[in-house]
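Note sheet for the following structure.
Below, read A as the first sequence line, B as the second, and so on, with proteins coming before strands; counting in each chain starts at 1.
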4 protein chains.
Amino acid sequence: MNREEKKQATLQRIIEAADRLFCEKGFEETSVAEITQAAGVAKGTFFNYFATKEELLFKFQKNFYLHELFSLRDRPGPYMPLILAYVKEVGDSMSESPALLRSALQRFLASSNADKGTAGHVLKLQSIIELFDKGQRSGEFRRHISADELASTALQLYFGTLVIWSTGMGDTGLGDQLQTAYRVFLNGISTTQDQ
Amino acid sequence: MNREEKKQATLQRIIEAADRLFCEKGFEETSVAEITQAAGVAKGTFFNYFATKEELLFKFQKNFYLHELFSLRDRPGPYMPLILAYVKEVGDSMSESPALLRSALQRFLASSNADKGTAGHVLKLQSIIELFDKGQRSGEFRRHISADELASTALQLYFGTLVIWSTGMGDTGLGDQLQTAYRVFLNGISTTQDQ
Amino acid sequence: MNREEKKQATLQRIIEAADRLFCEKGFEETSVAEITQAAGVAKGTFFNYFATKEELLFKFQKNFYLHELFSLRDRPGPYMPLILAYVKEVGDSMSESPALLRSALQRFLASSNADKGTAGHVLKLQSIIELFDKGQRSGEFRRHISADELASTALQLYFGTLVIWSTGMGDTGLGDQLQTAYRVFLNGISTTQDQ
Amino acid sequence: MNREEKKQATLQRIIEAADRLFCEKGFEETSVAEITQAAGVAKGTFFNYFATKEELLFKFQKNFYLHELFSLRDRPGPYMPLILAYVKEVGDSMSESPALLRSALQRFLASSNADKGTAGHVLKLQSIIELFDKGQRSGEFRRHISADELASTALQLYFGTLVIWSTGMGDTGLGDQLQTAYRVFLNGISTTQDQ
DNA sequence: TATGAATGAGTTTTCATTCAT
DNA sequence: CATGAATGAAAACTCATTCAT
């Protein structure tokens, strides 16, 4: 193991230790001392890899922002199966660790004022509105409620499912739980409903 | 202005100052000293009203546990108007301070596995299930989906709305936003739907 | 109950509450707020009776300082029965509450630097030395050890017994425990020993 | 002066400064800030050596629990020289700081019923009893008094000496003062007495 | 590069005391 | 006299960060 490899290994150890601790206790509540101790290195070593504790945060940005949902509007309907498949996929991709998701959500709540708009997590609500709008035009979704409100509701349902699942209140996988929730929701606004 | 009124005014000043600062910088990043300075009172005064900085949040957390929702199942239906009225009321009660709610949600996420059950924030999902079950039996809600799933979805929608609203993405009041979301949801599962 | 009586009653309530709390937790650890709460009066009321929290201390000075032991030297021997009777009497007089004695000892330790010599608890070791000296001259006590050392040992034994008894480690009364200890000690230095 | 030596020097400076200040003003009345200032180090440095202000005392409390005395009963007599050597050693180990010892004794009195047994400061009187019992069986100590009472007296004499010495009333070292007191005591119960 | 002792600003919290009502 | 809200100095303790070794 040469020098460069050793460096990488140390870095890795720090990141993994931080990951574990952030999941358990959150970012603010975890001190550099704890991280380095868990990583088995000295406190000073941390600052050879990160100028600042904050810098670590960048390594832990999660994307739970429905990026590709937006692109669904460019595809032909019917949208219900597409959406259901999509949320299942997104949910499964985050299904590895409720704790991880929970701390990501915490970070999302913590940062949503400071870097509002700055970071990439601006929710392109507009795209979702267009999606439902197209669905309504094509006759797939009922028009008793505006596309705006449908989109908002969809978004809220999405985040709420993440929260509930991440706190361990659900017992199935996240993908399934999202799919179930969206099936209830979409079926309710669909023109052809289950009996 | 008598003594009691003065007390209330001071409390209000503290809460408002806290909200403003939490909004700008978040809970952890705001110190009690800053709050009291912004409120124009002495540092010690804060602790005449809250034993702890955290207590500011508990006040809000209490609201979001839907305590009264559970009791709806003991009343006669139809439930849709009752539920809509209830979420509006709960939402309005938290509407004065998005930042405080956001901080409370953060805390909820942070603590939700540490003191699971201890802090009493176990959501009585069972009661909500019974509520929807009763609604289905009485013919108010369709039976194509189990009461279990309806209850979970309702809960997820609720928390998701809190999250989205508290991050400032909604522009109406929380009560209204909750009501809108629940109208979409409940209408979708109702046997008598709007056109 | 007229005005003056009411005042006295309030003062009494404060003192009693303070006494109880000091015994349980010590002086420093007891706050004025706790005292007034226990006394059932408002915080401000305390300062109508005492200019300062410290002023309360004067009400709680204990005498465990062997005042009259000193005068024994002016009486004719043999001293052993006199001393044994005296420590029994002193011990019994303090026997009502280990907690009370314990806090008095604490206060003694706490104050013994600040007001060294100031307060009345200067131990008149000299008088005790003279007592043992007289006892040695009269042939009651052996002369293998100087009166100085006997007096010091006597004093140490006295305080040590108070400490041990007050911490609840002894199970008999303080008077008895003192007498037992002194019997061991005095018998050991006596010219006529038990077999 | 290498790193480890520097560390030791800093620790020493802190302890000495603390002792000096405790001597002048007592434990409660001395703040960590004052200690570090007197020691010429930063406030935070104190907590690199002691997790808590209290820990400064625990260090001393540990010494006065006579842990090793108990093991003497497993060694062959005669016990008098062993005991005298032991108390001298223990006394000398605490001799560097009367003020610290006094504060530790205060703490001992303060906590002795709160965490009775918890903190481990249950004095194993039983072991001391066995020690004197063995001494009596071997003919070293007279049997006119029960081993129980001898042990109690020994313990009381020990603590009393600590108290008196720590309040500055003795002028010799603690080790010497303990030894003197125990010589008086042990000689008095010995079968072969000095003349 | 790794180390870990030193730093000191900053945090929450306590509490004796004041004073307007 | 009694009250209790307001005060603000002071305390213990934390922790990201620096830097000599």
Quiz item: Does a nitrogen or oxygen in the side chain of D/Y49 sit under 4.0 Å from OP1 or OP2 of E/dA5?
Solution: no
Quiz item: Can you find a donor-acceptor N/O pair under 3.5 angstrom joining the side chain of D/K43 to the base of E/dG10?
Solution: yes
Quiz item: Does the C/E16 side chain pair with the main chain of C/R13, one donor and one acceptor, at a distance under 3.5 Å?
Solution: no
Quiz item: According to the interplanar angle, ranging from 0 to 90°, do the rings of B/F108 and B/F159 count as parallel (below 30°), tilted (30 to 60°) or perpendicular (above 60°)?
Solution: parallel
Quiz item: Considering Watson-Crick and G-U wobble pairs with both distances under 3.5 Å, what does E/dT13 pair with?
Solution: F/dA10
Quiz item: If you find the nucleotide of DNA chain F closest to C/E4 and the one closest to D/T30, which residue's nucleotide is nearer the 5' end?
Solution: C/E4
Quiz item: 5'-most contact on DNA chain F: D/E29 or A/E28, nearest heavy atom basis?
Solution: D/E29
Quiz prompt | Side-chain N,O (A/T45) to OP1/OP2 (E/dG4) below 4.0 Å | solution = no
Quiz item: Okay, side chain of A/K53, backbone of A/T30: is any donor-acceptor separation there less than 3.5 Å?
Solution: yes
Quiz item: Considering only heavy atoms from C-beta outward, does the side chain of D/L101 approach that of D/W165 to under 4.5 Å?
Solution: yes
Quiz item: Is any side-chain N or O of D/N48 under 3.5 Å from a base N or O of E/dA5, one able to act as donor and the other as acceptor?
Solution: no
Exercise. May I ask you to evaluate whether C/T52 reaches the phosphate of E/dA16, defined as a side-chain N or O under 4.0 Å from OP1 or OP2?
Key: no
Quiz item: If only side-chain N and O atoms of D/T10 are considered, is one of them under 4.0 Å from the OP1 or OP2 phosphate oxygen of E/dA5?
Solution: no
Exercise. Check every strand shown and say whether C/T36 touches a base, only sugar-phosphate, or nothing at a heavy-atom separation below 4.0 Å.
Key: nothing
Practice problem: Could you check whether D/F50 gets within reach of a base, just the sugar-phosphate, or nothing at all, counting any heavy atom under 4.0 Å? | Solution: nothing
Quiz prompt | E/dA20 pairs with, by Watson-Crick or G-U criteria that keep both distances under 3.5 Å | solution = F/dT3
